[in-house]
Structure formats: structure tokens, C-alpha cells
Amino acid sequence: YSLPISGDTRFFGDLLATFTGVLLPHLIAIIISTVLYNMVDFAALEGSEHTASLFTVIGPQLMWTGFFVCVMFIASSLFVMSLCGRAAEARIYPFAMSLAVTLIHGMCMLLMISGSYGFSSSGLDGNTNITDTMAVSSPLGMLWTTLMYFLYGRYYNNSVHTPLFRAGIFVPALVIVLLLFAGAFLIIRYRRAERVGSPFVFRGVRTALPALVIFAIVTVFSIFILPSVFGTY
């Protein structure tokens, strides 16, 4: 960048550089693949009209899901990195927090419903409603929910739509992504430069982020320690 440079210019310049280097090739690949999908006669290859519609609709939707997951990961990583003061934490915690949020969300939800009257572990088979909210909270949650929809035949039984293409999932996920970008922008703009040698730029974050990682590990172990989780009520 030419000097002098403002913090806003640096933020948006780095962000646009990331989008250009990472998401633009991804977007071009999706457009080319969608054109190729439309050129292939899946009905003739598979001999099933329903399977053909599944390929032609779900295929592009899965590609756009992958694109949106990348955007979600960039937003969450940028937000976490804006809280870090040193390079080591900035490299480790974006991945750690993405995994921790997914584990905490999924495990706490499983612990909550396992205490419900009439719950049985076999009732989880074919039921993806409990995973819908996970698609909103993190990139791994979106991937996990998409996988659950596919494995349990949600595409075949209800409608040919991936989780991302449902308004109840896409709209909250988009709002969270925009809030993460806005939060990262505000934090980077107002954080104190003299905190550069500290692990985190705010004192409370030094306790909060490690605590979230520890809590994620505890929730995973609690699933196997608590005897009532996979019982029948």
C-alpha cells in the first residue's frame, strides 16, 4: 500500500485481497461446473427421472454450499484473529474456535434433548431438525448439517434442497456472517496498538477463548460419562 494508509483502507484492502485470491477462483469453478452440469443428460445415464433431478439440483446447491462455508470461515477467522495480539494465537484459535463452537452447539443440544420425556437414541435416525441450528453457528456446523440431510435421505423424502437453500437457515447464517465481519472491523479499528505483544487484545478474551475450548472438550466427554444420554425415557 502507498503511504500514508488508514486502518480502514488496510482492513478492506486485505479483505478484498482474500476474496480475490480465495473466493474468486472458487466462484469461477462453480460457474464452469454448473454449465457442465447442464450439458450432461443425467436421466440417460441413471435411467431415473428422480435421480436426474437430484443430480441437476443438488449438485449445484452443494457447490454453492461449499462457497458459502468458505465465506463463513473467513468471517469467523477474521473475527477471532482480530481478538489476538500475537501471530501464534492468530494462527491457532480460528481453527480451534470453529471446532469448539460446533462441538459445544451439537453436544449441548444432544444433552438437552436426551433429557426430554419420550426420547430414544433411535429417534435420531432420520431426524435432521435438531441439526438445523448447527448450520447457522459455524462453517463445520453447515457442513455437518448438509451431510446429515444427505445421509438420512431428507432430499428424497421432503424436498430437493440443501440446508443452505432453506430460508430458515440461510437468512440467520447470512446475518451472523455480516455481524462477524462488522465486529472484526470495529475491533481492528479500535483495539490498542500497544497490545501487540499480548496473546489477546482484551483482558477478558484471554479467559474466554481458552475457556470455550476447554468447555468443548468437557461436553464431548460428558456425552459418554453421563449414563442417561443414550437411554430411553
Please give the remaining members of the hydrophobic cluster of Leu16, linking ILVMFWY side chains under 4.5 Å, ordered by chain and number. none
Going by heavy atoms in the side chains, are Met142 and Ile169 under 4.5 Å from each other? yes
Would you indicate whether the side-chain heavy atoms of Ile30 and Thr34 approach each other to under 4.5 Å? yes
Val136 to Ala173 - nearest heavy-atom pair and separation: CG1-N, 3.7 Å
Aromatic plane relationship, Phe68 with Phe170 - under 30° parallel, 30 to 60° tilted, over 60° perpendicular: tilted
Residue pair Leu83 / Tyr93, side-chain heavy-atom distance below 4.5 Å: no
Same cluster or not: are Val22 and Met72 linked, directly or through other Ile, Leu, Val, Met, Phe, Trp or Tyr residues, by side-chain heavy atoms under 4.5 angstrom apart? yes
Applying ring pair (Phe, Tyr, Trp, His ring centres under 6.0 Å) to Phe185 and not counting sequence neighbours gives Phe11, Phe12
Scanning both residues in full, the closest heavy-atom pair of Ala216 with Leu103 reads CB-CB, 4.3 Å
Evaluate the side-chain proximity of Thr162 to Trp64: yes if any heavy-atom separation is below 4.5 Å, no if none is. no
Any chance you could measure Ile31, atom CD1, to Leu36, atom CG, to the nearest 0.5 Å? 12.0 Å
Inter-residue atom distance Arg86.CZ - Ile92.CD1, 0.5 Å rounding: 10.0 Å
How far does CD1 of Ile74 sit from CE of Met81, to the nearest 0.5 angstrom? 11.0 Å
Residues Leu23 and Val71: closest non-hydrogen pair is CD1-CG2, 3.7 Å
Could you see if Leu178 belongs to whatever hydrophobic cluster contains Leu180? Use Ile, Leu, Val, Met, Phe, Trp, Tyr and a side-chain cutoff under 4.5 Å. yes
Return the minimal non-hydrogen interatomic distance between Val101 and Ser137, and the atom names on each side. CG1-O, 3.8 Å
Can you get from Leu186 to Ile188 by hopping between Ile, Leu, Val, Met, Phe, Trp and Tyr side chains that sit under 4.5 Å apart? yes
Ile28 vs Leu24, side-chain contact (heavy atoms from CB on, under 4.5 Å): CA-CA, chis, key distance, verdict: CA-CA 6 Å; Ile28 294 174; Leu24 183 60; 4.2 Å; yes
Using a 4.5 Å cut-off on heavy atoms from C-beta on, say whether the side chain of Thr146 contacts that of Leu164. no
Heavy-atom pair with the smallest gap, counting every atom of Phe200 and Leu209: CE2-CD1, 3.6 Å
Taking the side chain as every heavy atom from C-beta outward, state whether Phe165 and Pro60 have any pair of such atoms under 4.5 Å apart. no
Residue pairs passing the salt bridge (charged side-chain N to carboxylate O under 4.0 Å, His left out) test where at least one lies in residues 180-190, sequence neighbours excluded: Asp8-Arg189
When you measure from the side chain of Ser82 to the backbone N and O of Phe79, does any donor-acceptor pair fall under 3.5 Å? yes
Please enumerate all residues that pass ring pair (Phe, Tyr, Trp, His ring centres under 6.0 Å) together with Phe19, with sequence neighbours excluded. none
CG (Leu27) and CD1 (Ile32) are apart, to the nearest 0.5 Å, by 10.0 Å
Thr102: side chain to side chain contact (heavy atoms under 4.5 Å, CB included) partners, not counting sequence neighbours: Met134, Ser138, Leu140
Suppose we screen for ring pair (Phe, Tyr, Trp, His ring centres under 6.0 Å). Which residues come up paired with Phe95, at least two apart in sequence or across chains? Phe73
Roughly how far, to the nearest 0.5 Å, is the CD1 atom of Ile217 from the CG atom of Leu212? 11.5 Å
Nearest heavy-atom neighbours spanning Val213 and Ala100: CA-CB, 4.3 Å
Side chain Ser98, main chain Pro94, donor-acceptor under 3.5 Å: no
